[in-house]
Amino acid sequence: MPPTASPSKAAPFDYSKEKTRIDQLIGQWSEEKDHIKFRRESRKKEINVTEEQQKGTIPANGTFIARRIIDRNIRLEKPELVAYLEQTPRTVLFKSLSQPTVDTVPLADWFTLGVRYRGWAEAWHRTIDSTCLHGCGWIELRYDMEKPFNISLEYTPREYLIFPAKLRKSLQKCERVLRCYEYLPNELEDAVEAYGFNRQVVNSLCESQKEAKREDPIKVYKVFTKKDGVVYVSWYADQGKEDTWLKAPEPLTFGLPGADDKLQPVGFFPFVAYLYEFIEEEEFLQVKGRAAKDLADQDALSQLWTGVVNGTTMASEIQASYVNDPANPAGTENTVIKGGIISNKEVKHWQAAYPDPFILTVAQALSTENLQSAGKVDYAAQNRQDSRKTATEINSARDQSQRLSSVNIVPLATAVTEIYTYVWNIVQQQVQYSLANPDKALLDVPQHIDPAFWTDKFELSPAGDVEVIKRAEKMANLQQDMELFQGTPVYIDLLSKYLELRFPDEAARWVAKLQEVDPAVIVQQLMAIISQVPVNVFPPEQQQEIQTVMQNASAAIGIQSPASSVDDGRANQATGTPPPTAGESPLNPSTSPLKGTAD
């Protein structure tokens, strides 16, 4: 991409007032940062048994069985969400608002090539994981000259996007949004030349880090401020001694030159929220993820399994005590049990009772209920350890799980539509500029796409709605109904369609093999029919020819030739077939090869 002129002059900002508001916003976020840390620790559920034994919170011969229910449910949810994004040849579909019936598939294919650059899915994977854990994840749209459309998507960690704690519905309502970064001192020093950071502020920040702390990162904030319909970007550091910007505010741009070759400013915050679910509370921070929903079940299951294991360990050990001695009522404690010796006191041996197996039933019921609450109804039904599962129950559970999954897809579809609508608007402007200024083109304009598309207005929708969800529904219906058509001419068509949906890369090769006719089967069917015809109806010279052909055909397909009964005029019978009884026709429908072989 060729270099362009600098943005228009930035609007004036009072640093002291801005600093006060920025510090207040950072202060609002301190409580949420603690919640984020707690949710991550709850998901990992990392307990050092040795340390806990030394503290006395776990018995010396005990352990702790961590049941990571939060992480399990996130892992169960992520595959279908990732498949919604990746298992489709197109990212979004385009519908022209001026010509709704026009074919826009070439445009969708070209757009997908531009947005699916190397590593494109990483940002989505991390955002999906963040949303499942916390309840809301954020993805950022960034200007990146190394990408095909000069745009890339970047995952924003939950604690690093700071906005008003009571924010509702849309980030675009904010006046100010902060994006926190952590840089090492040497990175900040390099940013003076690379990005125009204030050298005095950088030196002050780095001096605050003693030589022993040169490897500790320094927090700085990228401040997005909306003023007069334009978003300005500045850099701020709350450490150091200098009372000024790390980098002064300037308009946010995506590299689009205007009529005067000045970069066009942007009027929106380049962040899109992906909510875990749509609930009646509109505040972003009120949407809860799996950490909040599964924490109680996770703690309960961990305690139940820990109690069972530690109780079993204790019950497996032999305990002993001295019989009460009136002269020494306190007795002696912590005496090591030894074998093969004579004790001078009477010793009573005993064992603790083993844990009640019913505890495991309770744990299983709790785990099953948790899976059901997470929307994994089919998984819960399949993994319930009892003999009362029925096909009807399993099918009903599968149908309910599919309905719940479609509900979980809606927030992701909304985020995909919003972020790629922003991308398309920028790409469309880049194409328009490139067509008007071919000597300063921002990207290569494809020639196979209708030129009217570059000025038309479109409604975008996720391709996964059509190409993933509907395909999954078709596959489920085919699996359920295919047995009804087995043995009919339609069966091969249904099987071919299933292969196309389930294995699109290998389907063509496999369908071709399905449609091939096996000559051995045809020869065997013909031999079975001929064997039922009396040979003596043919002239003597043809009888020998028929027998020779039958023997050659049998040898070719590897079966034994049917026996011949030329003398009595009976039909040739296959080897091992009993002769027909009196009055029974050799072409009895019940034994005819045209009706199949009787069991």
Side-chain angles (χ1 to χ4, degrees), residues 25 28-44 69-82 84-85 123-141 153-174 176-180 268-298 370-376 401 403-419 421-422 462 464:
L25 196 56
Q28 285 186 28
W29 208 249
S30 59
E31 183 178 356
E32 176 61 19
K33 288 177 63 177
D34 294 337
H35 294 329
I36 294 169
K37 181 180 179 181
F38 175 76
R39 289 193 286 264
R40 287 176 177 162
E41 291 175 348
S42 298
R43 177 186 185 177
K44 297 175 183 177
I69 305 301
I70 297 172
D71 186 68
R72 179 197 68 181
N73 287 343
I74 292 175
R75 289 178 178 273
L76 288 175
E77 290 185 356
K78 283 172 63 176
E80 64 183 356
L81 299 173
V82 171
Y84 179 82
L85 288 170
W124 282 111
H125 278 249
R126 294 184 184 276
T127 305
I128 290 172
D129 190 81
S130 175
T131 297
C132 291
L133 177 63
H134 302 292
C136 179
W138 297 91
I139 194 164
E140 181 183 359
L141 184 65
L153 301 183
E154 181 178 276
Y155 160 67
T156 303
R158 168 75 174 221
E159 70 273 27
Y160 286 166
L161 185 66
I162 303 175
F163 51 85
K166 296 295 183 179
L167 180 65
R168 297 171 178 266
K169 297 184 68 173
S170 176
L171 193 71
Q172 304 306 324
K173 295 181 178 181
C174 292
R176 190 174 290 97
V177 175
L178 310 182
R179 169 62 161 97
C180 178
F268 64 91
F269 294 117
F271 299 93
V272 171
Y274 165 33
L275 297 174
Y276 183 72
E277 60 184 344
F278 291 147
I279 60 176
E280 57 91 15
E281 291 187 86
E282 297 179 336
E283 292 181 12
F284 285 112
L285 298 186
Q286 293 303 317
V287 182
K288 306 301 180 184
R290 295 315 318 173
K293 295 176 182 293
D294 298 330
L295 181 60
D297 289 348
Q298 176 171 284
N370 177 268
L371 284 168
Q372 291 175 342
S373 67
K376 302 302 176 184
S401 178
R403 290 193 295 270
L404 292 172
S405 296
S406 64
V407 172
N408 294 337
I409 289 294
V410 172
L412 177 59
T414 303
V416 169
T417 302
E418 184 176 357
I419 193 70
T421 298
Y422 284 139

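Here the structure is a predicted model, which means the values were calculated and not measured. All residue numbers in this chain count up from 1 along the given sequence.
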Parallel, tilted or perpendicular: ring planes of F163 versus F284, cut at 30 and 60 degrees: perpendicular
Going by side-chain contact (heavy atoms from CB on, under 4.5 Å), name the residues that satisfy it together with F38, two or more places apart in sequence or in a different chain. S42, L295
Results of ring pair (Phe, Tyr, Trp, His ring centres under 6.0 Å) for F271 - residues two or more places apart only: F224
Flag the pair E32 and R158 as a salt bridge only when some basic side-chain nitrogen lies within less than 4.0 angstrom of an acidic carboxylate oxygen. yes
Between Q298 and I70, is there a donor-acceptor pair closer than 3.5 Å when you use the side chain of the first and the backbone of the second? yes
K288 NZ: over 12 foreign heavy atoms closer than 6.0 Å: yes
State, with a plain yes or no, whether a side-chain heavy atom of N408 is found less than 4.5 Å away from one of Y84. no
Report yes if the side chains of L161 and L178 come closer than 4.5 Å at any heavy-atom pair, otherwise no. no
What donor-acceptor contacts under 3.5 angstrom involve side-chain atoms of residues 166-174, with partners at least two apart or in another chain?
residue	atom	partner	partner atom	Å
S170	OG	Q172	N	3.1
Q172	OE1	F269	N	2.8
Q172	NE2	F269	O	3.0

What pairs with K293 under salt bridge (Lys or Arg N to Asp or Glu O under 4.0 Å), at least two apart in sequence or on another chain? E277
Taking only residues two or more places apart in sequence, or in another chain, which ones meet T417 in a side-chain contact (heavy atoms from CB on, under 4.5 Å)? T421, P462
Could you pull out all donor-acceptor pairs under 3.5 Å where a side-chain atom in residues 128-136 meets a protein atom, sequence neighbours excluded?
residue	atom	partner	partner atom	Å
D129	OD1	R43	NH1	3.3
D129	OD1	R43	NH2	2.9
D129	OD1	K78	NZ	3.2
D129	OD2	R43	NH1	2.7
T131	OG1	T127	O	3.0
T131	OG1	G137	N	3.0
T131	OG1	Y274	O	3.0
H134	ND1	R39	NE	2.9

